[in-house]
Structures are given as C-alpha cells and as structure tokens.
Amino acid sequence: MHFDLIQSLSLCGDPLIPNDDRAGSTAGRAWVIDGATDLGSPGLLGEQGGAAWLAMTADAAFATADAPTLAEACTQVCERVETRYAAEARRMPAGPWELPRASFAAIQIAGHRIDLAWASDCSVLHATADGTAWRTPAPSRARESAQAAALGPGIGAVKLGTEAVLQDRRQSRSRPGQRVLSIDAAATLAILGHARFDIAVGDELLLMSDGMVALVDAYGRHDADSLFAAVRAHGLAALGTELRDIERDDAACLRFPRFKVSDDATALWLRIGG
C-alpha cells in the first residue's frame with residue numbers, strides 16, 4: 001500500500017506574516033506541522049522567527065528520516081530539531097515562552113495498518129466505506145475560546161497588540177508539562193500520542209492544522225462527515241474559502257472569541273493506493 005496525494009493547501013493567516021505551518025508526504029509517510037505563534041521579535045534564531053524555524057526544520061526531518069517505523073522516524077526528527085537548535089541559537093531565550101514549539105501529526109504505513117503519532121492539536125481524519133472517524137483526539141477549541149473571551153470582547157482583532165494579551169500568552173506558554181514538539185528531544189518523545197488503525201485501498205485521510213480544523217471545533221460549520229463530504233465535492237480550495245469567509249464576517253472576533261482573526265490553515269488530502 002502507499003499514499004496517493006490528492007490535494008494540499010496551506011493558507012497564511014496574515015499575508016504580512018510568514019506561514020508557520022508545513023505539510024508533506026512520501027509514498028509511505030505523511031505529516032502536518034503547526035509552529036506556535038512567536039510571542040516576541042526574531043533574534044533567538046537569527047532573522048527567522050522561531051515558529052517558522054521549527055516548522056521548517058521538522059518538515060525537512062520528516063521528509064528525510066530513514067526509518068522503517070514511525071516511532072524511529074519521530075526519534076530522528078526530534079533529535080535533529082534538538083541538534084539544529086543547539087547549533088543555531090544565537091543567545092539564551094528571554095524566557096520559556098520564547099523557545100520554539102509546535103504541534104504535529106504524522107502517519108506511516110505499516111502493512112495493512114497505519115501508525116500515527118501526534119503532539120498537541122493537529123488532527124487526522126480517516127474516511128472509510130463505513131464513514132469517517134477522528135484518529136487523533138476529537139478537536140475542541142472550548143478552552144482556548146474561553147481564554148480569549150476572558151481577556152475581553154473582540155480581543156483577537158488586535159492579535160497580540162496589547163501588553164495584557166501578550167503577557168497572558170507568555171504565561172500560558174511557560175507552564176510546564178505541555179504536550180508539544182519542542183527543542184528537547186527526550187521531553188517531546190515522552191509525551192507523544194501514538195495509535196494504530198487498519199486501512200484498506202481507497203480509504204482517504206485528511207491531515208490538518210488547527211487553523212483548518214476551526215471549521216469544526218471553533219465555528220461549527222462542519223462535523224467529521226460533512227467536512228470530508230465538502231472536500232470530496234468541492235476540494236480543499238473551496239474549504240479554505242469557506243473558512244476565510246467566516247472569519248472575515250467576524251473580523252471583530254465577537255461571535256467566535258479567538259486570539260487572532262485568522263490562523264495559518266493547512267490540510268493534506270491523501271488516498272490509500274494498492
């Protein structure tokens with residue numbers, strides 16, 4: 001069995017800011033990575049922001065990992081990130097909040113099954129002849145929406161433009177024990193989620209960053225079944241248009257409390273070939 005790439009899409013949240021998402025696939029492996037928004041100016045890793053640096057580094061590592069299993073591939077990716085950070089960091093971080101971090105989900109074919117690994121809130125949706133199912137935990141934006149709402153109505157319309165919001169996000173990111181891809185290989189490998197599920201020729205998969213999954217958990221426009229039906233009927237580009245239309249109509253972030261009007265949104269649509 002192998003992966004056939006049907007479509008891919010990656011939309012920046014703001015054309016003035018680099019896209020911190022990455023996604024890719026080979027015949028036997030696929031991944032999506034979402035670098036966490038930088039909470040300070042570039043400098044720790046030179047002119048490039050830490051989120052883009054980590055997403056780019058992990059993306060290249062997944063593409064080149066020479067590993068027969070996903071567990072071994074993840075080990076190579078995490079070790080490469082740690083090594084590259086040690087070699088390229090220009091100074092000490094201003095605090096734990098400045099250390100690069102990301103969410104990701106990766107899959108690899110293992111016979112008639114797929115191995116899955118993930119950290120944080122990237123998602124994998126699996127469509128079979130019997131329906132669709134989340135293979136990562138079902139997405140939920142309730143906590144993040146509540147945190148945004150607690151800082152005041154429409155706070156996302158100013159992004160991180162106020163000191164109160166910036167400090168809140170820095171404190172949140174500095175809390176220990178968070179399940180993310182970080183520059184510490186051992187810490188990342190210790191918290192990864194793992195699963196294995198059966199596949200058949202013709203099955204389809206969507207790998208998505210949380211910016212795309214917002215259509216389900218933040219905006220309530222789709223559930224798992226209708227999301228895949230929309231992709232099949234109209235393609236990923238139409239899904240991206242639907243997403244941005246919702247956000248444009250709520251640019252004040254009042255109907256849907258959030259920390260930014262639009263997030264980077266990435267999706268990879270794959271089919272199992274025989």
Side-chain angles (χ1 to χ4, degrees), residues 1-15 17-36 51-65 70 73-74 77 102-109 114-128 132-136 139 181 199 201-218 221-222 224 226-247 262-273:
M1 292 184 176
H2 62 271
F3 291 128
D4 287 323
L5 174 63
I6 308 304
Q7 287 184 355
S8 61
L9 178 72
S10 190
L11 303 173
C12 62
D14 183 332
I17 299 173
N19 187 339
D20 296 327
D21 285 1
R22 298 290 187 276
S25 65
T26 66
R29 184 186 304 145
W31 58 93
V32 61
I33 304 161
D34 179 3
W53 175 91
L54 179 53
M56 179 184 68
T57 302
D59 178 57
F62 271 117
T64 58
L70 182 59
C74 287
V77 169
S103 61
F104 83 92
I107 54 177
Q108 185 159 320
I109 294 175
I114 279 183
D115 285 332
L116 164 66
W118 74 90
S120 195
D121 53 9
C122 287
S123 296
V124 175
L125 187 59
H126 179 204
T128 71
T132 58
W134 297 104
R135 294 305 184 181
T136 46
L181 171 62
I199 52 171
V201 173
D203 285 4
E204 294 173 298
L205 298 122
L206 278 177
L207 282 69
M208 297 171 285
S209 67
D210 68 334
M212 185 64 74
V213 181
L215 282 165
V216 176
D217 64 346
R221 183 61 63 91
H222 290 286
S226 71
L227 185 69
F228 234 120
V231 170
R232 289 185 179 124
H234 306 294
L236 291 175
L239 210 65
T241 298
E242 182 180 20
L243 173 71
R244 293 303 188 230
D245 283 347
I246 294 169
E247 294 166 341
S262 294
D263 195 5
D264 300 335
T266 297
L268 201 62
W269 177 16
L270 305 169
R271 185 175 295 132
I272 303 297

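Scope of the values below: all heavy atoms of this structure, side chains included, with no hydrogens, waters or symmetry mates.
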Out of curiosity, S10 OG to M212 CE, how far, rounded to the nearest 0.5 Å? 8.0 Å
Any chance the side chains of T266 and D21 put a donor and an acceptor closer than 3.5 Å? yes
Output every pair passing salt bridge (Lys or Arg N to Asp or Glu O under 4.0 Å) with a member in residues 206-215, not counting sequence neighbours, ordered by first then second residue. none
Please state whether the rings of W269 and F228 are parallel, tilted or perpendicular, taking 30° and 60° as the class boundaries. perpendicular
Hey, is the main chain of I114 close enough, under 3.5 Å, to the side chain of R135 for a donor-acceptor pair? no
Side chain to side chain contact (heavy atoms under 4.5 Å, CB included), that's the test. Do V231 and Q7 meet it? Break it down for me. CA-CA 10 Å; V231 170; Q7 287 184 355; 5.5 Å; no
Output yes when a side-chain donor or acceptor of D20 lies under 3.5 Å from a complementary backbone atom of D34, and no otherwise. no
Quick check: closest heavy atoms across T132 and A127, and the distance to 0.1 Å? CG2-CB, 3.7 Å
So which heavy atom on L268 is nearest to which on A30, and how close? CD2-CB, 4.1 Å
Any donor-acceptor N/O pair, R22 side chain to A58 backbone, under 3.5 Å: no
Of the non-hydrogen atoms in A102 and I33, which two are nearest, and what is the gap between them? CB-CG2, 4.1 Å
Value for CD1 (I246) from OG1 (T241), rounded to nearest 0.5 Å, stands at 11.0 Å
Would you name the heavy atoms of A105 and L207 that are closest together and state the gap between them? O-CD2, 4.1 Å
Spell out, as yes or no, whether a donor-acceptor pair under 3.5 Å connects the side chain of E247 to the backbone of S262. no
Taking all atoms of both residues into account, what is the closest heavy-atom pair of A214 and L243, and its distance? CB-CD1, 4.3 Å
Nearest heavy-atom approach of R244 to G13 is NH2-CA, 3.7 Å
Side chains of H234 and E242, donor plus acceptor under 3.5 Å: no
What distance do H222 atom NE2 and L125 atom CG have between them, rounded to the nearest 0.5 Å? 12.0 Å
For a side chain to side chain contact (heavy atoms under 4.5 Å, CB included) check, start with the C-alpha distance between L5 and L270, then their side-chain angles and the critical distance, and finish with the verdict. CA-CA 5 Å; L5 174 63; L270 305 169; 3.8 Å; yes
Closer than 3.5 angstrom, by distance alone: can the side chain of T64 be matched with the main-chain N or O of A60 as a donor-acceptor pair? yes
Distance (rounded to the nearest 0.5 Å) between W118 CH2 and L181 CG: 15.0 Å
Using the rule given for side chain to side chain contact (heavy atoms under 4.5 Å, CB included), can you reason through F3 versus I272, listing the C-alpha separation, both sets of side-chain angles and the distance that settles it, and then say yes or no? CA-CA 5 Å; F3 291 128; I272 303 297; 3.6 Å; yes
Could you give me the CA-CA distance, side-chain angles and deciding distance for S209 and D264, then say whether side chain to side chain donor-acceptor pair (under 3.5 Å) is met? CA-CA 8 Å; S209 67; D264 300 335; over 6 Å; no
Does any N or O in the side chain of T136 come within less than 3.5 Å of the main-chain N or O of V124, such that one atom is a donor and the other an acceptor? yes
Step by step, would you call L215 with L227 a side chain to side chain contact (heavy atoms under 4.5 Å, CB included)? CA-CA 8 Å; L215 282 165; L227 185 69; 4.3 Å; yes
